[in-house]
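Bear in mind that the values here come from a model prediction, so they are computed numbers and not experimental data. Protein chains get the first letters and strands the later ones, always in sequence-line order, with residue 1 at the start of each.
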Number of protein chains: 2
Amino acid sequence: MKGFFIYELKLLHLQIETYFMYEDLKYWYLRDHKLFRILSYSQIKQLCIITGFKKASKGEIIYFSSSDVPRIFLLKKGNIKIVAVDDDGNETIKDIIQKGDLFGELTLETDNKVEEYAKVLSDDVSICSFLMSDFEDLLLRNPTLALSYTKFVGLKMKRIKNNYANLVSKDAKTRLYQFLKDWAEQEGVKNGNTVIIENYLTQNDIAQIICTSRQTATQLLNEMETNQLLDYNRKQIIIPDITKL
Amino acid sequence: MKGFFIYELKLLHLQIETYFMYEDLKYWYLRDHKLFRILSYSQIKQLCIITGFKKASKGEIIYFSSSDVPRIFLLKKGNIKIVAVDDDGNETIKDIIQKGDLFGELTLETDNKVEEYAKVLSDDVSICSFLMSDFEDLLLRNPTLALSYTKFVGLKMKRIKNNYANLVSKDAKTRLYQFLKDWAEQEGVKNGNTVIIENYLTQNDIAQIICTSRQTATQLLNEMETNQLLDYNRKQIIIPDITKL
DNA sequence: GGCTAAGTGTAAATTAGCTGACATTTTGCT
DNA sequence: AGCAAAATGTCAGCTAATTTACACTTAGCC
């Protein structure tokens, strides 16, 4: 009942935002991303780069297919996963996008051969998007932003390389531990050594992220639970002592 | 004997280059990289971005450690591999750098925690380098270059992601086939469907690249040889019909 | 030319982790 | 409340690939 009340409040809040300060909202939504902090209000507004704003709720699938004009997206709220379907029909989790992350064709190259979609994991998400071409113009006019953006893309690359290295040299257990540590680091609420993570992933999702089968992930998670390293349920994950992972 | 003669000639050639047109050489070495084509002679010269030029021969190990000022490198000639040593002392091949490739801290972020070195694979290599800070300045002054560079980094990322996907979903055999196809594509000399690749890698190198054990790689290569898909030796790899891979 | 080290060939034992095949639990929905 | 679907738990059998272990071959060097 309490949850429902809050939901109503949020809705109300959104309506106010939408109807009374939509222009400003656009602005702030980009503005509070670290990449765009160096830009002035007028720069963002003037360039008019926000051309889309979308809300969606849990389980929804969002296609950002290549048939459309190429876009870059910014996840303002919630969590989504990017899933790729390969030729054999296998689904792979390409990425987990969290609040504040940019996603889409970050390389600024349109490539239409990959079949990808996004699936909403949290209760609801809001996404804003802008045209890749507009963004390119903006980068051309703001070398500092271009440099930041390059570093940003580079950081993403470094993360991927890191995962890659883990995948090669470490076993499933180590990968799970590493994943949990990373997750805790990024989103966990710390209280001393105890960390609580809001769990919007299924065990299957986790399995896919650390590149193992669902069964193996389940086994490992249960093993951790019996060793009291973890308290897992569908809503949250409690790690009593993060240093023990 | 013929090889030696050519080597002498090359040396002579280098000396001429070095003593009579070193400034121009610097220029051209960067100039003929696709990234830098948009820049004028004066831009490259004026910015004075080449601050290093180095030659090395087979087997040599080049450290580009973080103790030094951060640099970006351009491999002008030959092939090298980038090897990372992790905490457990395991060596992993991070990258194979081919003629014309940029390498080093492409993300423009100095990160000193990783222990990496480069090992020369081909008979000899020449490498030029410039300071990361100079490069950043250049990017700031040339938004078009910055954009190209971002796309370039993005492309690298995409390749890595692709490898990652292969590693996850395909078995060692498929990965080897894919690797050979890629290699042939990049460096092979085609003659109809026959491709000849100059082989500067050991089977151990190949194994590491496709993330398997040396023994498995050997077995697979021999299997391919008995199936007449391949003719492997230490100097070159002949693929009689690339379409059959 | 002969020695050493690096690279290659081969095979058996072992194993991590996948597959498939279920039972059980939880969630969302009408 | 009751049902279907999704998520989780568990286990036996199987398989690809690693490990270990050793023989052989080639390349580089004094």
Between which nucleotides of DNA chain D, read 5' to 3', does contact with chain A run, using atoms under 4.0 Å from its heavy atoms? D:dA7 to D:dC11
side-chain contact (heavy atoms from CB on, under 4.5 Å) against A:Thr92, all qualifying residues, sequence neighbours excluded: none
Do the side-chain N and O atoms of [X] and [Y] include a donor-acceptor pair separated by under 3.5 angstrom?
| X | Y | result |
| --- | --- | --- |
| B:Thr174 | B:Asp171 | yes |
| A:Asn204 | A:Thr202 | no |
| B:Asp182 | B:Gln186 | no |
| A:Tyr200 | A:Gln236 | no |

Look at all strands and tell whether B:Thr216 reaches a base, only sugar-phosphate, or nothing, counting heavy atoms closer than 4.0 Å. base
Heavy atoms only, 4.0 Å cut-off, all strands: where does A:Thr202 land among base, sugar-phosphate and nothing? sugar-phosphate
Select from B:Lys58 and B:Thr212 the residue whose nearest nucleotide in DNA chain D is closer to the 5' end of that strand. B:Thr212
On DNA chain C, does the nearest nucleotide to A:Ala172 precede the nearest nucleotide to A:Gln215 from the 5' side, or the other way round? Give the residue. A:Ala172
A:Lys173 vs A:Arg234, nearer the 5' end of DNA chain C by closest nucleotide: A:Lys173
Distance under 4.0 Å to a non-hydrogen atom of chain A counts as contact; along DNA chain C, which nucleotides mark the start and end? C:dG17 to C:dT27
In the structure I gave you, are the side-chain heavy atoms of B:Phe179 and B:Ile209 within less than 4.5 Å of one another anywhere? yes
State, with a plain yes or no, whether a side-chain heavy atom of B:Leu221 is found less than 4.5 Å away from one of B:Gln203. yes
Nearest 0.5 Å, please: how far is OG1 in A:Thr216 from CD1 in A:Ile210? 8.5 Å
